[in-house]
Each structure stands twice: as C-alpha cells, then as structure tokens.
Amino acid sequence: QVQLVEFGGGLVQTGGSLRLSCAASGRTFSSYAMGWFRQAPGKEREFVAAIARGSSSTAYADSVKGRFTISRDNAKNAVYLQMNSLKPEDTAVYYCGARGSEVLSIHNFAYAYWGQGTQVTVSS
C-alpha cells in the first residue's frame with residue numbers, strides 16, 4: 001500500500017509555470033507506475049501524464065504535450081509534474097495516482113491509490 005500527498009499548486013498567470021510534487025510513503029514506491037490526472041469543476045477526472053515504474057516510458061494528454069513534463073525520483077519516493085506555458089483551461093484540482101504495475105496507464109480506473117489533490121488556478 002502507498003499513501004500519496006500532492007503539493008505545489010497555486011495561482012499563476014497565463015503563460016506561467018508551476019511544479020507539482022507528489023510524495024509517496026512506503027518502501028515500494030519504485031514498484032508503482034505513476035500518473036497525474038486533473039478534475040475541473042463540473043467535469044470528470046481526466047488524464048494528464050503518466051510514467052512507468054522505471055521511467056522507461058511516459059505518456060501525455062494531447063492538451064498538455066510539449067508544455068508539461070512528468071518525472072520521478074525513486075530514491076526520494078516522489079513524482080513531479082513540471083507545467084509550463086499554463087493556460088486558463090489548465091485550471092483544475094490535480095491528483096497523483098499510483099498503479100501497482102511497471103506499465104503506465106492513461107485510465108484513472110487503473111490506479112488504486114490517490115492523493116487528496118492540489119488546486120491549480122491559471123488566471124487570464
């Protein structure tokens with residue numbers, strides 16, 4: 001089992017940057033594929049980015065490709081989401097998820113563990 005805590009959200013202007021972090025408890029973090037998802041008011045949770053267990057592969061939603069970068073540091077039990085060139089439509093609560101597999105997934109139902117989320121607001 002793993003517990004996740006996200007932080008790093010906040011208010012930023014259009015075109016700005018934020019770096020989200022997700023800290024994981026437990027000694028088996030390296031065995032999990034990790035993902036970032038987001039949920040805007042009135043919308044369903046959507047995929048943002050994912051990274052395989054050993055960082056061998058990553059995946060991004062088309063809407064963030066080229067602007068966001070997912071990375072992980074297994075020694076620090078952490079996964080990160082660097083967000084650049086932010087747009088108002090990126091405003092949402094961002095969640096990190098852990099999946100007990102070496103293979104990443106873009107589907108939220110594939111992730112068994114979730115953090116509480118961190119709010120990102122991009123002003124126009």
note = In short, L81 meets A49 closest at the heavy-atom pair CD1-CB, 4.1 Å
task = Please round to the nearest 0.5 Å and tell me the distance separating atom OH of Y32 and atom CD of E102.
result = 14.5 Å
message = Evaluate L86 against F68 for side chain to side chain contact (heavy atoms under 4.5 Å, CB included), listing each step before the verdict.
response = CA-CA 9 Å; L86 283 162; F68 290 11; 3.8 Å; yes
query = Sub-3.5 Å donor-acceptor pair from the side chain of T118 to the main-chain atoms of Y94, do we have one?
reply = no
note = Sorted by chain and number, sequence neighbours left out, side chain to side chain donor-acceptor pair (under 3.5 Å) with S31 holds for none
task = Using the test ring-ring contact (aromatic ring centres under 6.0 Å, His included), find all partners of F37 that sit at least two apart in sequence or belong to another chain.
result = F47, Y111, W114
Identify each donor-acceptor pair in which a side-chain atom of residues 2-12 lies under 3.5 Å from a protein atom, sequence neighbours left out, and give them as a table.
| residue | atom | partner | partner atom | Å |
| --- | --- | --- | --- | --- |
| E6 | OE1 | Q116 | N | 3.0 |
| E6 | OE1 | G117 | N | 2.8 |
| E6 | OE2 | C96 | N | 2.8 |
| E6 | OE2 | G117 | N | 3.4 |

ask   = Among all residues two or more places apart in sequence or in another chain, which pass the side-chain contact (heavy atoms from CB on, under 4.5 Å) test with S124?
value = T14, P88
remark   = Residues at least two apart in sequence or cross-chain that pass side-chain contact (heavy atoms from CB on, under 4.5 Å) with Q39, listed by chain then number, are R45, Y95
query = Cluster question for you: counting only ILVMFWY and a side-chain heavy-atom cut-off of under 4.5 Å, with indirect links fine, are L20 and Y113 together?
reply = yes
task = With sequence neighbours excluded, tell me which residues meet side-chain contact (heavy atoms from CB on, under 4.5 Å) with T58.
result = I51, Y60, I70
request  = Check S105 against A50 and note the closest heavy-atom contact, atom names and distance.
outcome  = O-CB, 3.6 Å
query = Among pairs that include at least one residue of residues 68-83, which meet salt bridge (charged side-chain N to carboxylate O under 4.0 Å, His left out), considering only residues two or more places apart or in two chains?
reply = none
query = Does one hydrophobic cluster hold both M34 and L104, with members joined at side-chain heavy-atom distances below 4.5 Å?
reply = no
Shortest non-hydrogen contact from F29 toward A24 = CD1-CB, 3.3 Å
ask   = Pairs in or reaching into residues 23-79: which pass disulfide (SG to SG under 2.5 Å), with residues at least two apart or in two chains?
value = none
ask   = Residues in side chain to side chain donor-acceptor pair (under 3.5 Å) with K43, at least two apart?
value = none
key: Where at least one partner belongs to residues 78-90, residue pairs that pass side-chain hydrogen bond (donor to acceptor under 3.5 Å, both in side chains), sequence neighbours excluded   = S17-N84, R38-D90, R67-D90, Q82-N84
